[in-house]
Amino acid sequence: MKVGILGSGDVARSRGGGLIKHGHQVMLGTRDADKLADFVATHKGAQTGSFAEAAKFAEMIVLAVKGTAALDALKAAGAANLAGKPVMDATNPIADAPPANGVLAFFTSLDQSLMERLQAAFPDARFVKAFNSVGNAMMVNPQYKGGKPTMFICGNDDKAKATVAGIVDQFGWETADMGKAQAARAIEPLCMLWCILGFTKNEWTHAFKLLHRE
Ligand SMILES: NC(=O)c1ccc[n+]([C@@H]2O[C@H](COP(=O)([O-])OP(=O)(O)OC[C@H]3O[C@@H](n4cnc5c(N)ncnc54)[C@H](OP(=O)(O)O)[C@@H]3O)[C@@H](O)[C@H]2O)c1
């Protein structure tokens, strides 16, 4: 698959490296391609471009920008370049404020997630929340004694979710589909829960697992 990754940070790089490892073609979109010179030098086949070029290139898009900049990055990508495509959304609505006792501040409320805002602003794109609730170091084929970790996803379009679930599977996770876009109100705060252990105990390699009673 041709994947356009919007972002140049740790998540964009982790996802980009993983997708290349699994045989996908990748273009990373950024406002400043110089930032990715080291990534391109170490990842054969990786391309870079503007947000719009990466989105146009893509059959599937990965959104990996700062939460406060997500709308602007998508506007720069261009609604026409997003239309009809799955957008795997790893962003979190983290506010520009320090954590309180390890708890991050969000700029959204529990009545509307960031992904719902993005979906409303770009109705023809097919947003799927995924990979927002684990650190970038553990996103691709992590090994845990407790077995496969769980990636909670949601979104309005079943076909887009199936595409994203395929990547989740390639990256060694099991998918828990929580339903429509509103479920992002619950999935985005998993980032807050995940980060508490980081900020308070300096643990950054854990992951969530959903256990079903047989
Ligand atoms: N770090 C993690 O382990 C982790 C894990 C799960 C989820 N997440 C979420 O994933 C997202 C990416 O995280 P990250 O740590 O990789 O990077 P980040 O530092 O949160 O974001 C960097 C990206 O944001 C873009 N950006 C910043 N300001 C912008 C603006 N005004 N307009 C357009 N783009 C702008 C930058 O674009 P340029 O390339 O143009 O500079 C860059 O690509 C975040 O929403 C984060 O909450 C992070």
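Order of appearance sets the numbers: ligands from 1, and atoms from 1 within every ligand. Note that the coordinates shown come from a computational prediction; the quantities given were computed from them, not determined experimentally.
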Take a 6.0 Å sphere around [atom1] of [X] and say whether it holds more than 12 heavy atoms from other residues, nucleotides or ligands.
X	atom1	result
Lys21	NZ	yes
Lys85	NZ	yes
Asn101	CG	no

Taking Glu188 first and then Lys129, would you say they form a salt bridge - that is, a charged N and a carboxylate O separated by under 4.0 Å? yes

Is Lys161 salt-bridged to Asp177, cutoff N-O under 4.0 Å? yes

Can you name the closest pair of heavy atoms from Phe107 and Thr68 and give their distance? CE2-CG2, 3.6 Å

Compare every heavy atom of Ser113 with every heavy atom of Ala184, then report the nearest pair and how far apart it is.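 Ala184 and Ser113 have their closest heavy atoms at CB-OG, 3.4 Å.
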
State the atoms of ligand 1, each with its element, that fall below the 4.0 Å cut-off from a heavy-atom position in [X].
X	result
Gly135	3 (O)
Thr91	45 (O)
Gly9	16 (O)
Met139	5 (C), 6 (C)
Thr30	38 (P), 39 (O), 40 (O)
Ile94	47 (O)
Phe131	6 (C), 7 (C)
Gly67	45 (O)

Please confirm whether Tyr144 and His206 have ring centers closer than 6.0 angstrom. no

Can you check whether [X] has an N/O within less than 3.5 Å of an N/O in ligand 1?
X	value
Gly7	no
Asp10	yes
Asn132	no

What's the shortest distance from [atom] to any protein heavy atom, and which residue and atom give it?
atom	result
atom 29 (C) of ligand 1	Ala69 CB, 3.2 Å
atom 11 (C) of ligand 1	Val65 O, 3.2 Å
atom 41 (O) of ligand 1	Lys35 NZ, 2.2 Å
atom 10 (O) of ligand 1	Ala90 O, 3.3 Å
atom 14 (P) of ligand 1	Val11 CG2, 4.0 Å
atom 42 (C) of ligand 1	Ser8 OG, 3.7 Å
atom 36 (C) of ligand 1	Arg31 NH2, 3.9 Å
atom 22 (C) of ligand 1	Lys66 N, 4.1 Å

Between the side chain of [X] and the main-chain N/O of [Y], is any donor-acceptor distance below 3.5 Å?
X	Y	result
Trp173	Ala165	no
Lys209	Lys148	yes
Gln119	Phe127	yes
Asn132	Ile187	yes

Check contact between Val134 and ligand 1, using heavy atoms of the residue and a distance below 4.0 angstrom. yes

Does even one non-hydrogen atom of Arg13 get within less than 4.0 Å of ligand 1? no

Look at the side-chain heavy atoms of Ile, Leu, Val, Met, Phe, Trp and Tyr, link any pair under 4.5 Å apart, and say whether Val11 and Val164 land in one connected group. yes

Using a 4.0 Å heavy-atom cut-off, say whether Asn92 meets ligand 1 through its side chain, its backbone, both or neither. both

How does Phe51 reach ligand 1, by side chain, by backbone, by both or by neither, if only non-hydrogen atoms under 4.0 Å count?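 Within the 4.0 Å criterion, Phe51 contacts ligand 1 through side-chain atoms alone.
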
Approximate separation, where rounding is to 0.5 Å, of Gln25 CD and Met27 CE: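 Going from the CD atom of Gln25 to the CE atom of Met27 covers 9.5 Å.
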
Is atom 19 (O) of ligand 1 near the protein, in the sense that some protein heavy atom lies at less than 4.0 Å from it? no

